[in-house]
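Note that this is a predicted model, so its numbers are computed, not measured.
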Amino acid sequence: MIKEKREYYRILLGMSFPILMNYLVTTLFEVFDKAIVGNYSTEGFAAISIASSVIYTVTGSLGMLSVAYNIIAAERMGKNHIDKFREDFKLTMIISILVGFIVIIVSLLGGNFLFKYIFAIEDNILKKCLDYFYISSVTIMLNMIIFIFSAYYRNLKNTIITLYSTIVATVINIVFDYILVYGKFGFPECGVKGAAIGSVLGLLCGILVYIIKIYKDDTFELKICCDKETIKKLIKLYVPLLGQDLMECTVFTFMLTGIISRLNVYEIAAYGLSESMASIISLPIFAFSSAAMTLSLQKSFSGEENCARNILKSAITLSCIVVTTIGILIMTFPKLTFGVISNDIKVIQRVIEIFIIVILVQLINVFHQIYKSYLQGKNSEKFVLKCTIVVSIASTIWISFLSKKFGLFGIYIGITINYLLLALLYSNKMKK
């Protein structure tokens with residue numbers, strides 16, 4: 001048993017490390033990307049901030065298709081249906097490209113209406129916003145393609161290729177952002193258009209890495225089978241996955257932001273700082289969760305249910321160790337962590353006071369995230385959606401009450417209860 005656990009640790013670490021590095025590289029890219037435009041033009045930075053929020057939201061929602069595909073792919077690999085695994089990959093890729101093209105057309109036709117009449121943006125900022133948005137709408141399709149490639153290779157236990165793709169895409173993006181935004185080395189000064197073109201070029205190069213890999217492996221055939229059963233499965237999985245993501249990441253976040261905005265300025269600033277640190281702590285959770293979901297589902301679909309559960313336990317153990325370690329390091333060196341983002345001593349001191357519960361939230365989130373990912377692949381995606389809706393709505397009630405009584409500390413108590421309830425519901429469902 002000990003030998004088996006060590007093997008699971010080895011596989012999970014091997015798969016999770018490139019995924020974690022991929023998240024870190026992506027985060028750094030976003031910082032550099034915004035810094036290039038931010039130093040070029042304040043209006044341009046404001047325009048990109050608005051347009052990119054729409055791009056990110058749509059990309060995240062449509063990107064759930066890759067999660068649905070990952071579940072189907074894990075089933076194919078678990079049952080050793082390699083030919084069907086490759087056919088499903090090609091079919092899902094075609095669907096992603098078609099959906100991407102539709103989004104591009106809708107963006108070109110409806111972009112002006114969206115930003116002018118819905119967001120009420122005017123004059124020069126509107127022009128810059130549209131200049132960026134029209135070109136960047138292409139990145140939605142490109143990201144969908146990358147997500148499908150990533151899920152494909154994750155099921156082949158090759159996550160390092162995703163890291164290589166991200167590094168190439170990031171470097172190309174940053175280089176061309178700088179060249180095209182400022183007009184360096186003889187290129188025209190394109191401003192925000194340059195940032196959008198840089199993103200497109202970067203993602204295209206990232207996709208090229210995958211294409212070279214798949215041709216090198218000699219596993220690609222042009223023949224495509226339109227399997228109606230696979231399409232039905234994708235739709236059946238995608239709808240509740242999308243609903244759960246929208247509820248948890250959009251609706252609940254919006255309601256929580258409304259509660260936080262009623263606190264005093266220092267409490268709001270402290271929340272922003274603590275969440276910046278929490279996002280760093282949570283990166284290993286998503287990395288281990290992603291790897292564990294794929295591996296455990298493959299084992300489960302092959303009939304090895306005990307192995308699947310042991311993989312989940314191993315992922316939980318590793319996640320808790322890493323989360324605790326990062327949390328302690330952040331608290332041990334506050335000037336090197338909190339001080340990088342804010343130099344306000346009062347805000348930093350407030351975050352230090354409540355950071356223990358921030359770490360606790362992430363430790364409970366380990367169980368919530370890993371159990372949720374597994375259940376979504378085991379025909380319980382509708383159960384996850386119902387739990388998310390009910391608990392999220394109920395959470396806003398007690399978080400609002402606790403925030404009035406205990407301020408920022410009360411908000412984190414409420415979030416802790418939110419994750420704890422969901423983790424318990426998912427754990428109970430798994431036992432059944």
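- Pairing each heavy atom of Gly78 with each of Ser302, the nearest pair is O-CB, 2.9 Å.
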Query raised in the report: Yes or no on side chain to side chain contact (heavy atoms under 4.5 Å, CB included) for Ile104 and Ile140, after CA distance, side-chain angles and deciding distance?
Result: CA-CA 8 Å; Ile104 292 170; Ile140 296 172; over 6 Å; no
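- Results of the side chain to side chain contact (heavy atoms under 4.5 Å, CB included) test with Ile197 over Ile135, Ile179, Val181 single out Ile135 as the only residue that passes.
- If you look at Tyr238 and Tyr69, their ring centroids are not closer than 6.0 Å.
- Ser314 approaches Leu12 most closely through the heavy-atom pair CB-CD1, 3.7 Å.
- A donor-acceptor contact shorter than 3.5 Å is absent between the side chain of Ser150 and the backbone of Ile146.
- You'll find the side chain of Leu256 reaches within 4.5 Å of the side chain of Ile411, heavy atoms only.
- Annotation: the span from Ile389 atom CD1 to Gln244 atom CD amounts to 9.5 Å, rounded to 0.5 Å.
- In terms of heavy atoms, Gln362 sits closest to Ser282 at OE1-CB, 3.3 Å.
- Within 6.0 Å of OH on Tyr178 lie no more than 12 heavy atoms contributed by other residues, nucleotides or ligands.
- Just one of Asn70, Leu295, Thr162, Ile161 meets the side chain to side chain contact (heavy atoms under 4.5 Å, CB included) condition when paired with Arg154; it is Asn70.
- No side-chain donor-acceptor contact under 3.5 Å links Ser61 to the backbone of Val58.
- A 6.0 Å sphere centred on NZ of Lys193 holds no more than 12 heavy atoms belonging to other residues, nucleotides or ligands.
- Under a 3.5 Å cut-off, the side chain of Thr396 and the backbone N or O of Ile393 do form a donor-acceptor pair.
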Requested in this report: Take Ser289 and Ser373 through the side-chain hydrogen bond (donor to acceptor under 3.5 Å, both in side chains) test and state the conclusion after the steps.
Outcome: CA-CA 7 Å; Ser289 174; Ser373 298; 3.0 Å; yes
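- For Lys313, the salt bridge (Lys or Arg N to Asp or Glu O under 4.0 Å) criterion is met by no residue, not counting sequence neighbours.
- Phe149 has its ring centre less than 6.0 Å from the ring centre of Phe89.
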Query raised in the report: Run the side-chain hydrogen bond (donor to acceptor under 3.5 Å, both in side chains) check on Lys378 and Ser300 step by step: do they pass?
Result: CA-CA 9 Å; Lys378 292 293 291 180; Ser300 179; 2.6 Å; yes
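- Summarising the local packing, CG of Asn158 is surrounded by more than 12 heavy atoms from other residues, nucleotides or ligands at distances under 6.0 Å.
- Within the model, atoms CD1 of Ile145 and CG of Leu203 stand 9.5 Å from one another, a figure rounded to the nearest 0.5 Å.
- Between the side chain of Ser107 and the backbone N or O of Val103 there is at least one donor-acceptor pair closer than 3.5 Å.
- The two residues Ala270 and Leu408 make their nearest non-hydrogen contact at CB-CD2, 3.7 Å.
- Rounding to the nearest 0.5 Å places OG1 of Thr170 at 10.0 Å from CD1 of Ile172.
- Separation of atoms CG (Asp245) and CG (Leu385) is listed at 11.0 Å; rounding is to 0.5 Å.
- The CZ atom of Phe288 lies 11.5 Å from the CG atom of Leu283; values are rounded to the nearest 0.5 Å.
- Tested against Gln298 for a side-chain hydrogen bond (donor to acceptor under 3.5 Å, both in side chains), the candidates Lys157, Glu304, Glu75, Arg76 yield a single pass: Lys157.
- Counting heavy atoms from C-beta on, the side chains of Ile72 and Thr92 never come closer than 4.5 Å.
- Looking at heavy atoms from C-beta onward, Ile356 lies in side-chain contact with Met331 at the 4.5 angstrom threshold.
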Report task. Given side chain to side chain contact (heavy atoms under 4.5 Å, CB included), test Tyr134 with Asn112 step by step and report yes or no. Result -> CA-CA 9 Å; Tyr134 288 147; Asn112 184 66; 3.8 Å; yes
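- Separation of the Tyr371 and Tyr426 ring centroids does not fall under the 6.0 Å cut-off.
- Asn143 places a side-chain N or O within donor-acceptor distance of the main-chain N or O of Thr139, the cut-off being under 3.5 Å.
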Requested in this report: Just do the side chain to side chain contact (heavy atoms under 4.5 Å, CB included) check on Ser392 and Val251 with the steps written out, would you?
Outcome: CA-CA 9 Å; Ser392 294; Val251 178; over 6 Å; no
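- At a threshold of 4.5 Å between non-hydrogen side-chain atoms, the residues Leu237 and Gln376 do not count as touching.
- In this structure, Phe176 places its CZ atom where only 12 or fewer heavy-atom neighbours from other residues, nucleotides or ligands lie under 6.0 Å away.
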Query raised in the report: Under the ring-ring contact (aromatic ring centres under 6.0 Å, His included) criterion, do Phe187 and Tyr182 qualify, and how do the steps go?
Result: CA-CA 9 Å; Phe187 283 86; Tyr182 292 96; over 10 Å; no
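- Heavy-atom neighbours of Tyr164 OH from other residues, nucleotides or ligands within 6.0 Å: at or below the threshold of 12.
- By the salt bridge (Lys or Arg N to Asp or Glu O under 4.0 Å) test, Asp131 pairs with Lys127, sequence neighbours left out.
- Remark: Ser274 OG to Ile357 CD1 distance equals 11.0 Å, nearest 0.5 Å.
- Residue-environment remark: NZ (Lys386) stays at or below the threshold of 12 foreign heavy atoms within 6.0 Å.
- For the pair Ser136 and Ala196, the tightest heavy-atom approach, listed with the atom from each and the gap, is OG-CB, 3.4 Å.
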Requested in this report: May I have the step-by-step check of side chain to side chain contact (heavy atoms under 4.5 Å, CB included) for Asn80 and Ile82, ending in yes or no?
Outcome: CA-CA 6 Å; Asn80 203 32; Ile82 306 300; 3.8 Å; yes
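- No side-chain heavy atom of Val239 sits less than 4.5 Å from a side-chain heavy atom of Glu381.
- Ser96 has its side chain within reach of Leu65: a pair of non-hydrogen atoms, C-beta onward, lies under 4.5 Å apart.
- Under the 4.5 Å side-chain criterion, counting only non-hydrogen atoms from C-beta, Phe367 is in contact with Cys320.
- Partners of Lys372 according to the salt bridge (Lys or Arg N to Asp or Glu O under 4.0 Å) rule, which considers only residues two or more places apart in sequence or in another chain, are Glu248.
- Contact record, Leu312 with Ser296: CD2-OG, 3.6 Å, taken as the closest heavy-atom pair.
- With Tyr419 as the partner, the side chain to side chain contact (heavy atoms under 4.5 Å, CB included) test is satisfied by one option alone out of Leu363, Asn365, Leu360: Asn365.
- Residues Leu424 and Asn428 are not in side-chain contact: their nearest non-hydrogen atoms beyond the backbone lie 4.5 Å or more apart.
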